[in-house]
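Report on one structure; see the data block that follows.
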Protein chains: 2
Amino acid sequence: MNNLVQIKRLQRYRMALLRLKNMGLKKTFSHSLSEETGVSPVLIRKDFSQFGIRGKRRGGYDIDSLLDELKLLFGREKEQNVVLVGLGNIGAALVKYEGYRQSNMNMVAVFDIDPVKRTRRYSVPVYSLESLREVVNAFDVSVAILAVPEFSAQETAHYLVENGISGILNFAPVLLKLPGHVLVNNINIMIELERLMYHIGVRTKPI
Amino acid sequence: MNNLVQIKRLQRYRMALLRLKNMGLKKTFSHSLSEETGVSPVLIRKDFSQFGIRGKRRGGYDIDSLLDELKLLFGREKEQNVVLVGLGNIGAALVKYEGYRQSNMNMVAVFDIDPVKRTRRYSVPVYSLESLREVVNAFDVSVAILAVPEFSAQETAHYLVENGISGILNFAPVLLKLPGHVLVNNINIMIELERLMYHIGVRTKPI
DNA sequence: ATTAATATGTGAAATTAGTAACAAATTAAT
DNA sequence: ATTAATTTGTTACTAATTTCACATATTAAT
Ligand SMILES: NC(=O)c1ccc[n+]([C@@H]2O[C@H](COP(=O)([O-])OP(=O)(O)OC[C@H]3O[C@@H](n4cnc5c(N)ncnc54)[C@H](O)[C@@H]3O)[C@@H](O)[C@H]2O)c1
Ligand SMILES: NC(=O)c1ccc[n+]([C@@H]2O[C@H](COP(=O)([O-])OP(=O)(O)OC[C@H]3O[C@@H](n4cnc5c(N)ncnc54)[C@H](O)[C@@H]3O)[C@@H](O)[C@H]2O)c1
């Protein structure tokens, strides 16, 4: 059963555990985590079990230990550097976001073809794409956030990969065609909205 | 097998078909759509088949007919109005986005508690939350985009529901606890980034 | 006309994911 | 100490999703 679906759930557990810890809690139970994540208690226990994470019968799970175990999975030891490509609407939101540290990540540079965009001053430097390779090498970057218009997404993604990027978080609503070793995660806001509409529409449609 | 997973795929087909149509194509085949969407050809055929959409053996599918059929599913007849709650980083990107029309949607109002945010002028009016019910009634709104900070997300979501919202696209990294009839779709940017890191890390880790 | 090639459509098989049931451990209560 | 209550961990079962295999239709070529 390993992977994908399960990894997504482990991430959710981790987020929830961070919240619980923040609230001052020391331990938790599969049914409490279920409340926080929407995953059934059995499945939570099974997931933990399969990743070698063990609780105490009747005593539940120790939050700190759980987070330590999950840290080995997600919170890579070394802080991971990412770059942002495309400083438009979405890009501007992402560059101003301050939550990267919390996930042990750091945005080291932004790239945009528009020189005007490069005059705006943020806490992160904005370059032309020519500097990409240099930055990738200097900061050991392997992941990029891609927030360029749909029509240039494929071409830009290709350029990123040519210059050493092997993971892309893609906001453009297209399937990027890239070499097999490259990983892409897509975020498609309009599709999420549409599906919401669809499900609501379906349910409220008169029978 | 109906629903959820399948609906997601049908949405992807639709997006891809719109692109193909835009490129001037008239018909397509399950294997071409597979290229565009990453879904296997058999599964594409099966999905269509189960939704009563039929192609021509040897002749493939007619793009316009396909889109018509899918329109019945997704592109509700009437344009759907949505509101945005929280005009921060993400909110500002969403209010400036111009792709709603294409999905037959329309953003009719933005809400923010911060009076300073309400002085900024966009093509969409910005109100305080007190006006929510009024707008919901006037524009028959059932879906809201929630882009407020994590700590106020639950409370705000609750308020939205109290005032007639039944679908929420949630950007805050928390599981919203709401009455069963309310639908929530979550977009969690950091989780997507983390998972990218994880999968890359796993693969490049020395054996 | 006949044959070959190509694509769809679908029931069966295989795979993957999730649930139920319950034993084992641990803690709390008497 | 003994009993009861609770919660984990696991195996067996059920459900869901996807792929396989192939029959069937359609077009193109000879
Ligand atoms: N803004 C939203 O709310 C929203 C919603 C849904 C989807 N999207 C998608 O997200 C992507 C970005 O949207 P946006 O609204 O931020 O777009 P935008 O047009 O505001 O910004 C795009 C930016 O990318 C830059 N750019 C263009 N080509 C480039 C290239 N080759 N290399 C580097 N930079 C380049 C442009 O100069 C611009 O600054 C689009 O694909 C869009 O479809 C956005
Ligand atoms: N910006 C990003 O790139 C990013 C990335 C990942 C996740 N997120 C999440 O998205 C959400 C929004 O992020 P952001 O960066 O835009 O935050 P932000 O702080 O920039 O903006 C939040 C906005 O919500 C308004 N607000 C606060 N409470 C409100 C309430 N009760 N009702 C109405 N409006 C209210 C604030 O006035 C502000 O304008 C957060 O939950 C954040 O964790 C954002």
Side-chain angles (χ1 to χ4, degrees), chain A residues 1-14 16-17 20 25-70 73 175 180 195 198-199 202, chain B residues 1-14 16-17 20 25-70 73 175 191 195 198-199 202:
Chain A
M1 126 124 64
N2 244 339
N3 261 344
L4 290 175
V5 201
Q6 202 171 27
I7 294 294
K8 286 193 189 182
R9 285 198 301 265
L10 287 168
Q11 288 189 284
R12 287 209 256 164
Y13 304 154
R14 181 159 165 276
L17 287 165
L20 294 178
L25 295 181
K26 292 273 172 254
K27 62 178 188 173
T28 189
F29 305 94
S30 57
H31 70 264
S32 325
L33 264 178
S34 176
E35 290 263 306
E36 293 296 315
T37 59
V39 180
S40 80
V42 213
L43 195 45
I44 291 176
R45 297 202 295 275
K46 205 171 195 183
D47 283 338
F48 284 161
S49 167
Q50 274 171 29
F51 273 79
I53 299 174
R54 318 201 52 89
K56 264 189 180 176
R57 299 193 186 208
R58 171 84 206 238
Y61 298 90
D62 178 70
I63 292 183
D64 280 329
S65 320
L66 267 181
L67 282 170
D68 282 350
E69 303 260 18
L70 291 172
L73 283 172
L175 183 78
R195 196 166 60 251
Y198 167 75
H199 285 297
V202 162
Chain B
M1 123 121 64
N2 244 340
N3 261 342
L4 288 175
V5 202
Q6 202 171 25
I7 293 294
K8 286 192 190 185
R9 285 198 300 266
L10 288 169
Q11 288 189 283
R12 288 208 254 165
Y13 306 153
R14 181 158 166 277
L17 287 164
L20 294 177
L25 295 180
K26 291 274 173 254
K27 61 177 187 172
T28 188
F29 305 94
S30 57
H31 70 264
S32 325
L33 264 179
S34 175
E35 290 264 307
E36 293 295 315
T37 59
V39 179
S40 81
V42 213
L43 196 44
I44 291 177
R45 296 202 296 276
K46 204 160 214 188
D47 282 340
F48 285 161
S49 166
Q50 276 172 27
F51 272 80
I53 299 174
R54 320 204 48 93
K56 265 190 178 173
R57 300 194 185 209
R58 168 89 202 237
Y61 298 90
D62 178 69
I63 292 183
D64 279 329
S65 320
L66 267 181
L67 281 170
D68 282 349
E69 303 261 18
L70 291 173
L73 283 173
L175 182 78
I191 271 199
R195 197 166 60 251
Y198 167 75
H199 285 298
V202 163

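Letters A, B, ... are given to chains in the order of the sequence lines, protein chains preceding strands, and every chain is numbered from 1.
Regarding B/Arg9, its CZ atom lies at a distance of 15 Å from the P atom of D/dA16, rounded to whole Å. The nearest whole Å value for the distance from the CG atom in A/Leu4 to the P atom in C/dA17 is 8 Å. Between A/Arg54 atom CZ and D/dT7 atom P there is a gap of 18 Å when expressed in whole angstrom units. Separating the CD atom of B/Gln50 from the P atom of D/dA16 is a distance of 13 Å, rounded to the nearest angstrom. C/dA17 atom C1' lies 15 Å from atom CD1 of A/Ile7, rounded to whole Å. Rounded to an integer number of Å, the gap from NZ of A/Lys8 to P of C/dA17 is 11 Å. Here the P atom of nucleotide C/dT8 and the CG atom of B/Asp47 are 14 Å apart, to the nearest Å. Atom CG of B/Leu43 and atom C1' of C/dA7 are 17 Å apart (whole Å).
Between atom CZ of residue A/Arg14 and atom CD1 of residue B/Ile191 there is a gap of 9.0 Å, rounded to the nearest 0.5 Å. The CG atom of B/Asn3 sits 5.5 Å away from the NE2 atom of A/His199 when rounded to the nearest 0.5 Å. Between A/Leu25 atom CG and A/Leu20 atom CG the span is 5.5 Å, to the nearest 0.5 Å. One distance of note links OG of A/Ser65 with CZ of A/Arg54; it measures 13.5 Å at 0.5 Å rounding. Residue A/Phe48 holds its CZ atom at 6.0 Å from CG of A/Leu70, rounded to the nearest 0.5 Å.
Less than 4.0 Å separates DNA chain C from at least one heavy atom of each of the following residues of residues 27-38 of chain B: B/Phe29, B/Ser30.
Comparing the local axis fitted to the first five base pairs of the helix from C/dA1-D/dT30 to C/dT30-D/dA1 with the one fitted to its last five gives a bend of 10°, rounded to 10°.
The shortest distance between the side-chain N/O atoms of A/Arg45 and the OP1/OP2 oxygens of D/dT8 is below 4.0 Å. The phosphate of C/dT19 (OP1 or OP2) has a side-chain N or O of A/Ser40 nearer than 4.0 angstrom. Taking side-chain N and O atoms only, A/Ser49 has a distance below 4.0 Å to OP1 or OP2 of D/dT10.
Using a 4.5 Å heavy-atom threshold, the side chains of A/Glu69 and A/Ile53 count as touching. Inter-residue side-chain proximity for A/Ser40 and A/Leu43 is flagged as met; some heavy-atom pair is nearer than 4.5 Å.
Nearest to the side-chain atoms of B/Val5 among the listed nucleotides D/dT18, C/dG9, C/dA21 stands D/dT18.
The pair B/Arg9-B/Asp47 counts as a salt bridge, with a side-chain nitrogen and a carboxylate oxygen less than 4.0 angstrom apart.
Legend: residues meeting salt bridge (charged side-chain N to carboxylate O under 4.0 Å, His left out) with B/Asp64, ordered by chain and number and at least two apart, are B/Lys21. Residues passing the salt bridge (charged side-chain N to carboxylate O under 4.0 Å, His left out) test with A/Glu36, sequence neighbours excluded: A/Arg19, B/Lys177.
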Residues 28-35 of chain A side chain polar contacts: donor-acceptor under 3.5 Å, at least two apart:
from, atom 1, to, atom 2, distance (Å)
A/Ser30, OG, A/Arg45, NH1, 3.0
A/Ser34, OG, A/Val39, O, 2.6

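B/Phe48 comes within contact range of no nucleotide atom at all, as no heavy-atom separation falls under 4.0 Å.
Side-chain N or O atoms of A/Arg12 include one that pairs as donor or acceptor with a backbone N or O of A/Thr37 at under 3.5 Å.
Side-chain to base pairing of A/Lys46 with C/dT19: one donor and one acceptor N or O lie within less than 3.5 Å of each other.
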Using a cut-off of 4.0 Å between protein heavy atoms and nucleotide atoms, how would you tag nucleotides 23-30 of chain D 5' to 3' with B, S and -?
BBBBBS--
